[in-house]
Amino acid sequence: MSVRTRFAPSPTGYLHIGGARTALFNFLFARRHGGQYLLRIEDTDRQRSTPEAVQQILDSLAWLGLSPDEPPVFQSQREPRHAAVARELLAKGAAYLAYDTPDELAAQRAEAEAAKRPFKYDGSRWIGMDPAKAPSVAPAIRIKAPREGETVVKDLVQGEVRVAASELDDMIILRSDGTPTYLHAVVVDDHDMEITHVIRGDDHLTNTFRQCMVYDAMRWRRPHFAHVPLIHGADGAKLSKRHGAVGALEFKEQGFLPEAVCNYLLRLGWGHGDTEIIGREEAIRIFDIADVGRAAARMDYAKLTHFNGVYLRAAENDRLTREVLERFAKRGVLFGTDGAARIALLMPDLKERAKTVEELAGAALFALHDGPPAMEPKAAALLTAEAKARLQDLAQFLGDAPWERQDLEQWLRDYADVKGVKLGAVAQPLRAALTGSTQSPPIDAVLFALGRGEAIGRILAAAEG
RNA sequence: GUCCCGUUCGUCUAGAGGCCUAGGACACCAGCCUUUCACGUUGGCAGCACGGGUUCGAAUCCCGUACGGGACGCCA
């Protein structure tokens, strides 16, 4: 049987970075075994599910390159099927009608808590009851939990985990209003979708034992389970907004590349010897779910940023230029064809010194428009009277300089040589005049990208300012 | 409270009884490279949670303790 995995988020908000990692593992596992990777939207909570959230999830997955192999399944559309299975269980005698009201249950729970003993539901009085004598409240369907023995799950990540039957109680599978509960719906869906491996967050580990009741009662074969640890923030607490970016698309906004995010997420809680930089193809080849760590891992933005720098330097110049220009456009920063062309020219040098697309955009800004750049205080401080005289002189000679990148570099070295100064004494004032900053790509690259006219214009403006 | 899971440098990890004087990466510090900033490169700092076993030998196996996380709903 072919391997089939699924990622099953509920559309109640943006796609969390932890969810993205779960999706990645499902994807990698399926690919590794030549199977399919599916998506199921668990939207049975009508109150909290929104179409916007569904779209967000789809967009996030697409950005990460984790779109499913088949159209997504919407759990809410499968409710008739969930109810049918519940009734089948009832007919088999594996489940029964329970006539408790929510108030009664709440009272029993409160009582147990007050007495400091664990609450365990007891529905024995409903089992085998004559419907004619039943209370006149709409009943819920509860599945009969095993009364003795223990349930054992061989989890691919957590190992063998066992829970005694005494820990399980008769769980509701169909509410009194006829809607299915989550734990029941998941089992029916996973079965019908022919899911062979359920890879999900370890917050579901104990739920697994409840779900097994449905599999076993229906005599369905249980899938393999793999419960991967959740991601925590830098302080070890559950990852939340206050830790920084958590929504997948937030990382895009902050200038991270999807391949860097995926690589980082893969390495978080999973290792393969000393290799750190692992591309998609390589990941598919070497990923093994059994190697995933059992402990929660902490999100480290500094390391993610480092990974991003690695992928940024490896990225195509055209792609990065496009990304940077898109950023400007989105922010309403106007630019002409000259600006776009200059950035394209500068990109090979720009990407060497940036860690995110956002930094790239910031570093490219000086080249976008004609005229003197915005001057940073540090750069302005560089423009001493001596430096200005130097610039004045430079502007004059630059008129005849050969305008090719290689030639410009040599020309500058020769110029410094002839004038008997260090190259730095020429390059730094020049850098300040051309970029308004003390740091930039190599000065010859800047000169070349700006073009002779623009470059000389800026130099003169700085020399006379 | 009950049950389940976990614990190697600050962080992510390698480590399947002797290869461990515990390796790599990020971060941090110092040096080199250099036209600035980066990149690169060299070196440094820093860890097996604790206590008992088992064994000739334990980061690795067993048992406790401590600390963290998760689950206990007619939520998902």
Side-chain angles (χ1 to χ4, degrees), chain A residues 8-12 42-45 47-49 75 98 100-102 105-106 109 112-113 116-121 138-142 155 157-159 161-164 166-169 171-177 179-183 185-186 201-210 227 229-230 232 234 236-238 264 267-277 293-307 309 313 349-355 359 363 379 382 409 412-413 416 422-428 430-432 435 437-444:
Chain A
S10 34
T12 53
E42 313 226 304
D43 57 347
T44 45
D45 186 340
Q47 304 296 313
R48 299 192 299 151
S49 300
Q75 193 161 58
D100 317 271
T101 65
L105 291 170
R109 244 184 286 276
E113 194 175 333
K116 289 197 169 175
R117 63 181 155 75
F119 172 74
K120 192 167 183 230
Y121 177 79
I141 296 180
R142 298 187 93 119
D155 193 278
V157 170
Q158 305 290 339
V161 183
R162 47 186 72 219
V163 162
S166 58
E167 295 299 322
L168 267 20
D169 54 14
M171 125 183 122
I172 292 180
I173 54 177
L174 201 72
R175 297 186 189 99
S176 53
D177 66 1
T179 60
T181 57
Y182 166 78
L183 255 14
V186 166
D202 73 359
D203 48 338
H204 287 295
L205 182 58
T206 45
N207 282 336
T208 304
F209 296 91
R210 286 169 239 289
H227 288 91
L230 269 14
H232 289 170
K238 206 166 159 184
Y264 176 72
R267 277 285 299 138
L268 194 59
W270 177 86
H272 189 263
D274 288 341
T275 35
E276 298 264 2
I277 300 301
R294 274 124 301 203
R298 301 184 188 200
M299 186 74 194
D300 183 352
Y301 293 91
K303 187 148 185 173
L304 201 214
T305 302
H306 170 260
F307 272 50
R313 289 194 291 278
D349 293 297
L350 244 21
K351 74 180 180 184
E352 284 296 321
R353 55 216 86 215
K355 291 251 191 335
E359 281 180 26
L382 234 44
E409 187 192 351
L412 280 167
R413 286 185 190 283
K422 287 184 137 185
L423 187 50
V426 179
Q428 276 307 82
L430 207 42
R431 192 181 316 278
T435 71
S437 170
T438 54
Q439 47 195 73
S440 80
I443 203 64
D444 44 293

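Residue numbering restarts at 1 for every chain, and letters A, B, ... go by the order of the sequence lines. All figures in this text were calculated on a predicted structure; none of them were measured in a lab.
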Legend entry - Distance in Å, A:Ile443 CD1 paired with A:Leu423 CG, rounded so as to fall on 0.5 Å steps: 9.5 Å
Inset, instruction - Searching all strands shown, indicate the nucleotide that pairs with B:G40 (Watson-Crick or G-U wobble; both distances under 3.5 Å). - result: B:C32
Legend entry - Under 3.5 Å donor-acceptor pair, A:Arg431 side-chain atoms to B:U35 base atoms: yes
Legend entry - Closest to side chain of A:Arg109, choosing from B:G73, B:U36, B:C4: B:G73
Inset, instruction - Using a 4.0 Å heavy-atom cut-off across all strands, classify A:Asp444 as base, sugar-phosphate, or nothing. - result: base
Just the atom pairs and distances: protein N or O near nucleotides 19-30 of chain B's N or O, under 3.5 Å.
{"unit_1": "B:G23", "atom_1": "N2", "unit_2": "A:Asp274", "atom_2": "OD1", "d": "3.1"}
{"unit_1": "B:G24", "atom_1": "N2", "unit_2": "A:Arg267", "atom_2": "NH2", "d": "3.3"}
{"unit_1": "B:G24", "atom_1": "N2", "unit_2": "A:Glu276", "atom_2": "OE2", "d": "2.9"}
{"unit_1": "B:A25", "atom_1": "O4'", "unit_2": "A:Glu276", "atom_2": "OE2", "d": "3.1"}
{"unit_1": "B:A25", "atom_1": "O2'", "unit_2": "A:Lys303", "atom_2": "NZ", "d": "3.4"}
{"unit_1": "B:A25", "atom_1": "N3", "unit_2": "A:Lys303", "atom_2": "NZ", "d": "2.8"}
{"unit_1": "B:C26", "atom_1": "OP1", "unit_2": "A:His306", "atom_2": "NE2", "d": "3.3"}
{"unit_1": "B:C26", "atom_1": "O2'", "unit_2": "A:Lys303", "atom_2": "N", "d": "3.4"}

Legend entry - Test side chain to side chain donor-acceptor pair (under 3.5 Å) applied to A:Arg313 - qualifying residues, sequence neighbours left out: none
Inset, instruction - Would you mind pulling out the nucleotide paired to B:C26, Watson-Crick or G-U wobble, both distances under 3.5 Å? - result: B:G10
Legend entry - Earlier contact from the 5' end, RNA chain B, for A:Gln158 and A:Arg210: A:Gln158
Inset, instruction - Looking only at side-chain atoms of A:Arg353, point me to the closest of B:C37, B:C74, B:A76. - result: B:C37
Inset, instruction - Under the side chain to side chain contact (heavy atoms under 4.5 Å, CB included) rule, what do A:Arg142 and A:Asp100 come out as? Steps first, then yes or no, please. - result: CA-CA 11 Å; A:Arg142 298 187 93 119; A:Asp100 317 271; 4.1 Å; yes
Inset, instruction - Return the nucleotide paired to B:A71: Watson-Crick means purine N1 to pyrimidine N3 with N6-O4 or O6-N4, wobble means G-U with N1-O2 and O6-N3, both under 3.5 Å. - result: B:U2
Inset, instruction - Give a yes or no on whether a donor-acceptor pair under 3.5 Å exists between the nucleobase atoms of B:C74, that is its base, and the side chain of A:Arg175. - result: no
Inset, instruction - Would you classify A:Glu409 as touching base, sugar-phosphate or nothing, given that sugar-phosphate means primed atoms plus P, OP1 and OP2, and contacts are heavy atoms under 4.0 Å? - result: base
Inset, instruction - Just name whichever nucleotide pairs with B:G51, Watson-Crick or G-U, keeping both distances under 3.5 Å, else none. - result: B:C63
Inset, instruction - May I ask you to say whether A:Arg413 pairs ionically with A:Glu409, meaning some side-chain N is under 4.0 Å from a carboxylate O? - result: yes
Inset, instruction - Remember a base hit wins even if backbone is also touched, and classify A:Arg413 as base, sugar-phosphate or nothing at under 4.0 Å, heavy atoms. - result: base
Inset, instruction - Give A:Pro441 one of three labels, base, sugar-phosphate or nothing, depending on what nucleic acid heavy atoms sit under 4.0 Å from its own. - result: base
Please write out the pairs of protein N or O atoms and N or O atoms of nucleotides 67-70 of chain B separated by less than 3.5 Å, giving the distance to one decimal.
none

